Amino acid sequence: MTTEAEDRISELTALIRHHDQRYHAEDAPEIPDADYDQLKRELVELEAAHPELVRPDSPTQTVGANPSTLFEPVEHRVPMMSLDNAFDRAELNAWADRAQRRLAASDFGNLVCELKFDGLAVSLRYENGRLVQAATRGNGRVGEDITANILTIESIPHRLPEGAPEILETRGEVYMPLAAFDALNAQQEAEGKPRYANPRNTAAGSLRQKDPSITATRGLSMWCYSVGELQGGPGLATHSATLEFLASLGLPVNPETTTADSVDAAWQFVDQCEAKRHNLPYEIDGAVIKIDSLDLQQELGSTSRAPRWAVAYKLPPEEKTTRLLDIHVSIGGKGKATPFAVLEPVFVGGSTVAMATLHNEDQVREKDVRPGDTVVVRKAGDVIPEVVGSILADRPPDRPEWEFPSVCPCPHLEPLVREEGDAAHYCVYPRCPEQLRGWIEHFAARNALDIEHLGEQRVRLFIDLGFITDVGDIYALPYDRIRELEGFGELSVANLAAAIEASKHQTLAPLLVGLNIRHLGDTTSELLADAFGHLDRIMEASVEELAEVDGIGPIMAESVYEFFQSKVNREIVEKLRAAGLNFAQGTGGDAAAEALPQTLEGMTIVVTGGLEGYTRDGVGAAIKARGGKSPGSVSSKTTALVVGENPGASKLEKAETLEVPILDEAQFQRLVETGELP
Ligand code: IVH
């Protein structure tokens, strides 16, 4: 059926794009590579069966034939080290003094001054002049094989000229030139896609592409700055000679490099970097100063992390001024009201900043920032934009101080409350739509009810259409109306309904997480669920009883108690009960869970590897539902270790050392049924 295929193709295309974005741009994949490959395979098969539905922009059309699944590990024969940092002149002097004290010679001679490129360290291995392997730094000892992707970078030669050494392993930084980054973002914008955050992360994402033809379009480049291994090459006495040698082989070596005959001269180079940084066609985050003599480098050696013969001067985070247009307040899932700065967009620290959190009322007051002010913005830790403060000289004397709004930005205009001793304001109106959106997203999140197919946009839409007024309504969605909405095919509605149905079988701990009770997190929800076993018992518990649970403090106990005192919250709980959600910590429904024979009472059973009859969470729940405990590690208190597919070696070893009985799945099943160890 064409419509069904069409729906699935749209869905797969969206999913693959989403994961591409997470993987490539943010370098933060959400799913294992194998699952990603499965999505791709399904799309390829569907398109093969329905060629008329292949869109020109389909991910299958922009991707090569055989994307590799995983990058192979590469062991670095010479470890790829990091660098120690100096943040000011005194620290640079201290580094030079330390190095000098360690050396027998009276003077360490010349220093080489290089830029510190903001990219990713990569090693290139040439054998008899041919590029045979390229790898990321990884943890310094083992990186990933990215040869196929590196081969697409124009400035990296595949072959070195005649007379090249037998083995040359050179290292350097792969980066994305600013022009390539801007062009990529212009293209993203033209296609209505989100912009990439900064050149460094985008370079990282581009290098970790499964499909080299994508890397090829990203305009990456490289600067080589050292040699890891050299056989059959010329005798090199200095680092500067090494760089010249690399350049003579046609490898890209940065032209800004200079030598300095004193720490003073090196400092001048460092000093100029700050001014230089904006005139370069690529990003730098500092300078690197290296002792030139290779003999002296050898004499100085390295710590476990970094060489003693080099130091990185890190430029302070870049600061820019811009106008603070306004201060708005956003409402989080628990009703927390966070003020944030709305800024005239400004390019700082490698990306455009238009908003920055101001955390809370006290922070705004301390920074004394007022709408209309010219403010200094910087990227703290190079990622999170921060408003440093206002330029007071630019402020007219009559500009009023910003007042924290007294009401929530939602149309109900309910008050925002700041309790004594708390820095944050909260909207305490349980039906606030802003808060509701946060709550629904939180409820559907992986660590809570784990409802797939209920993403941010759908949540917004369902709230706007009045389908959802609290989390209980998720279980009474009007599917016949949803089916008629744009973007919802038969299949996607069925998928959504199935995901919502499946969430009813979650255990108590994720349900507690989903209820979004202030101060209660994943671990504390688990503690409460284990201690009380059923939501009704938690609802009936007094503050004292709640606080008796190990790990639950008085503030949390109070907060849980308060939550269930609210009539609105109780109504929501009843809606969830009526919808058939599991309120017990065991799986399989309340009555069933409570009636289960407590065969594992007093036992501590650790599970390693996958079992056929259970999901990973399900097996723990099954043990707990029968009165047992199921911690994550083996100790002398462990009653038995259950071993499934692909077990963890350390748990097995520990169980053997401590002589803990080891059970297979069948033996475990018998134990569950009879309570007797084999
Ligand atoms: S030399 C053993 N030189 O900075 C010393 N590193 O913060 C190896 N980096 O992992 C590094 N520009 O990725 C060196 N001119 C340069 C550099 C540079 C950037 C990176 C490199 C290193 C990191 C340490």
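One-based numbering, in listed order, for ligands and for the atoms of each. Bear in mind that the values here come from a model prediction, so they are computed numbers and not experimental data.
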Taking NZ, NE, NH1 and NH2 as the nitrogens, is one of them in Lys276 or Glu256 under 4.0 Å from a carboxylate oxygen of the other? yes
Taking atom CZ of Arg130 as the centre, report whether more than 12 heavy atoms of other residues, nucleotides or ligands fall under 6.0 Å from it. no
I'd like to know if the side chain of Glu169 and the backbone of Gly228 have a donor-acceptor N/O pair within less than 3.5 Å. no
Using a 4.0 Å cutoff against the non-hydrogen atoms of Arg137, which atoms of ligand 1 qualify? 10 (O)
List every atom of ligand 1 that sits less than 4.0 Å from any heavy atom of Glu114, numbering the atoms from 1 in the order shown and giving each element. 3 (N), 15 (N), 16 (C)
Can you sort out which atoms of ligand 1 are near Ala121, meaning under 4.0 Å from one of its heavy atoms? 13 (O)
Sidechain N-carboxylate O distance under 4.0 Å for Arg208, Glu144: yes
Return the residue, atom name and 0.1 Å-rounded distance of the protein heavy atom closest to atom 2 (C) of ligand 1. Pro307 CG, 3.5 Å
Just to confirm my output: which protein heavy-atom neighbour is closest to atom 5 (C) of ligand 1, and how far is it? Leu83 CD2, 3.7 Å
Heavy-atom distances under 4.0 Å decide this one: backbone, side chain, both or neither, for Lys116 against ligand 1? both
Flag Phe117 as yes when one of its N or O atoms lies below 3.5 Å from any N or O atom of ligand 1, and as no otherwise. yes
Report the part of Lys290 (side chain from C-beta onward, or backbone N, CA, C, O) that has a heavy atom under 4.0 Å from ligand 1; answer both or neither where that applies. side chain
For the pair Glu299 and Arg102, find out whether any cationic side-chain nitrogen is under 4.0 Å from an anionic carboxylate oxygen. no
What about Trp309: any of its N or O atoms under 3.5 Å from an N or O on ligand 1? no
Aromatic plane relationship, Tyr175 with Phe117 - under 30° parallel, 30 to 60° tilted, over 60° perpendicular: parallel
Where on Leu115 is there a heavy atom closer than 4.0 Å to ligand 1, on the side chain, on the backbone, on both, or on neither? backbone
So does Leu184 get a backbone contact from the side chain of Gln188, meaning a donor-acceptor N/O pair under 3.5 Å? no
Of the side chain and backbone of Val288, name the one, both, or neither that has a heavy atom under 4.0 Å from an atom of ligand 1. side chain
Can you tell me which portion of Glu173 lies within the under-4.0 Å heavy-atom range of ligand 1? Options are side chain, backbone, both, or neither. side chain
